[in-house]
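Just below is one structure, and these are the notes that go with it.
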Amino acid sequence: MTAHATLARFREYMVGPARFMNLLSCFELGLIDALRERPGMTAAELGAAAGAKPDAVAQLLNLPVKEGFLAYDETAGTYRLDALADVGQADLQRVLDFMGKIKATTLRQLYYLTESVRTGTLVGLRELYGFDGDLYGAMAVHADLREPWSKLMDSVTDRIDPWFFDHIDVPAGSRVLDLAGHTGLGAIHTHKFKGSPGLHVTTFDLPDKREDCLANFRAHGLEESTAFIGGDVFDGVPAGFDTILVKHFLNMFDKDDVLKILRNVHDSLEPGGRLHILVPIYAENIKESWSVDYYPPSSWAAPPDRAAPRSCRRSRTGWSRPGSPSPGSCRRTRRTCRRTPCRCRAS
Ligand SMILES: C[S@@+](CC[C@H](N)C(=O)[O-])C[C@H]1O[C@@H](n2cnc3c(N)ncnc32)[C@H](O)[C@@H]1O
């Protein structure tokens, strides 16, 4: 690459954040939906529909017009969907869920990426939320992080699970553990795609997922053939399962943590049990990998030991953080206390 070409590549990075938010704002303001319903609107009409200044709307729409997503009729001064008209609503919604998640969690963390890499902690969560720990812990207490993330996760799982279950064998009557199974969608899908008499699926995830998970099981009439166990994989994995599923999870940890998780999974499997892991494949040639673009270090899970801001104390009744409202009354384990905020019961 010539020096000129190298600098030209920088331009792509410089416009990246603005392009991302410009496009997302068109959706968030309802401009795209308005044009889908009524093609041929002017900036003034779109502005009135969105409650925004027409000039600002016109400026915002320059980019989607440039991209060919929208078309602009200069004579009439009107807009209509162009390439966007050919994208199916479900496909578009999936991409928008992804962009919503990127806005809510990724951008907030990336502002502090340099400091996060330097310290091995998620500095964005500390600076913006006063939170020490990893993204999962923060989501347990902050709905504005959790909701877009959960929406995206369910949409990804909904799309990929049918393929996943098509490629694995779950023997009839298995006792299955869906490790880091979020709010139970994987367990529900196990019944849907691999159902058999006696099949029982347990979702294991951080304790704050319990209520939503059980509600999902009830909504699908699966109370009898499912269960939820709350815990932290680094403390140990419940035993007594002959099939364990680990989907969309290991790629968020470094090698050391992945090995810890796999050792705990191994200890929990019955002899002869099976483990099915779903992870993105990292292309050997990084020039062909999108993971390189999407997963810089320290933007998801922080190394727990270095992330621990203060150590927990043990008392007769359990572990708790110094300064927690009722020291010693925390039912959580030490590891959990270190990774997520300690919410001791006020007994
Ligand atoms: C990317 S989601 C995967 C969801 C699910 N496996 C699926 O396929 O839809 C990761 C899940 O891991 C859970 N998780 C994160 N850290 C965990 C930990 N230390 N122990 C147990 N679960 C954890 C999160 O709460 C989240 O639900």
Side-chain angles (χ1 to χ4, degrees), residues 94 97-98 101-102 105-106 122 125 131 133-143 145-165 167-168 176-190 192-194 201-214 216 226 228-238 243-254 256-265 268 275-280 291 294-295 299-305 307-308 332-341:
R94 212 173 34 251
D97 289 346
F98 224 118
K101 178 264 164 201
I102 290 171
T105 69
T106 313
L122 295 188
L125 295 178
F131 184 89
D134 66 17
L135 178 63
Y136 294 114
M139 288 196 297
V141 278
H142 295 288
L145 294 173
R146 181 175 61 249
E147 281 161 12
W149 184 90
S150 285
K151 198 168 169 204
L152 168 68
M153 194 63 245
D154 282 349
S155 122
V156 169
T157 303
D158 231 8
R159 181 163 167 82
I160 296 183
D161 267 3
W163 175 88
F164 172 76
F165 283 107
H167 286 78
I168 66 164
V176 178
L177 182 71
D178 187 19
L179 192 83
H182 194 214
T183 51
L185 190 52
I188 293 164
H189 284 165
T190 314
K192 177 172 175 188
F193 296 113
K194 293 288 173 187
V201 192
T202 300
T203 296
F204 176 80
D205 207 290
L206 297 173
D208 64 281
K209 300 286 183 301
R210 175 184 299 278
E211 293 317 315
D212 285 347
C213 187
L214 294 180
N216 282 337
T226 52
F228 177 87
I229 297 178
D232 184 325
V233 282
F234 292 98
D235 290 332
V237 174
T243 301
I244 297 188
L245 313 176
V246 186
K247 297 185 282 121
H248 309 288
F249 186 54
L250 296 181
N251 50 307
M252 273 163 285
F253 297 92
D254 64 16
D256 181 42
D257 276 347
V258 168
L259 290 174
K260 283 178 201 152
I261 294 169
L262 291 181
R263 271 186 216 107
N264 287 347
V265 166
S268 100
L275 169 64
H276 298 286
I277 299 174
L278 177 70
V279 278
S291 302
Y294 190 64
Y295 286 116
S299 59
W300 293 87
D305 291 329
R332 294 173 148 201
T333 61
R334 177 168 195 241
R335 186 94 190 199
T336 313
C337 275
R338 294 174 74 181
R339 294 174 65 85
T340 57

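Start at 1 and go down the list; that is how both ligands and their atoms are numbered. Count residues from 1 along the sequence.
Using a 4.0 angstrom heavy-atom cutoff, G137 does not count as in contact with ligand 1. Residue contact annotation: D232 has a non-hydrogen atom under 4.0 Å from ligand 1. For M252, the closest heavy-atom approach to ligand 1 falls below 4.0 Å.
Close approach of ligand 1 to H182 is summarised as follows: ligand atoms under 4.0 Å from at least one heavy atom of the residue are 4 (C), 27 (O). Taking every non-hydrogen atom of K209 and a distance limit under 4.0 Å, the qualifying atoms of ligand 1 come out as 25 (O), 27 (O). For ligand 1 and T157, the ligand atoms under 4.0 Å from any heavy atom of the residue are 7 (C), 8 (O), 9 (O).
The N/O atoms of D161, backbone and side chain alike, include none that comes under 3.5 Å of an N/O atom in ligand 1. Backbone and side-chain nitrogen or oxygen atoms of Y136 are examined, and none is located within less than 3.5 angstrom of a nitrogen or oxygen of ligand 1. An N or O contact shorter than 3.5 Å is missing between M153 and ligand 1 by distance. In terms of polar-atom proximity, defined here as any N/O pair under 3.5 Å, D134 makes no such contact with ligand 1.
Comparing heavy-atom distances from atom 21 (C) of ligand 1 across G231, P207, G184 singles out G231 as nearest. When the options F204, F249, W149 are ranked by their closest heavy atom to atom 2 (S) of ligand 1, first place goes to W149. Here atom 25 (O) of ligand 1 lies nearest to D205 when heavy atoms of L206, D205, I160 are compared.
In this structure, H142 and F131 have perpendicular ring planes: the angle between them is above 60°, well past the 30° mark.
The side chain to side chain contact (heavy atoms under 4.5 Å, CB included) test applied to T202 returns L177, H200, A227, I229, F241, not counting sequence neighbours. Annotation: salt bridge (Lys or Arg N to Asp or Glu O under 4.0 Å) contacts of K151 (sequence neighbours excluded): D97.
Counting heavy atoms from C-beta outward, D178 and T190 have side chains that stay 4.5 Å or more apart. Counting heavy atoms from C-beta outward, I160 and K247 have side chains that stay 4.5 Å or more apart.
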**Request:** For the pair H276 and T243, evaluate side-chain hydrogen bond (donor to acceptor under 3.5 Å, both in side chains) and give the outcome as yes or no after the intermediate values.
**Result:** CA-CA 8 Å; H276 298 286; T243 301; 5.5 Å; no
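No side-chain donor-acceptor contact under 3.5 Å links K260 to the backbone of F234.
Across L275, V233, I277, a single residue satisfies side chain to side chain contact (heavy atoms under 4.5 Å, CB included) together with V265, and that is L275.
Of all the heavy atoms in V246 and L250, the pair that sits closest is CG1-CG, 3.9 Å.
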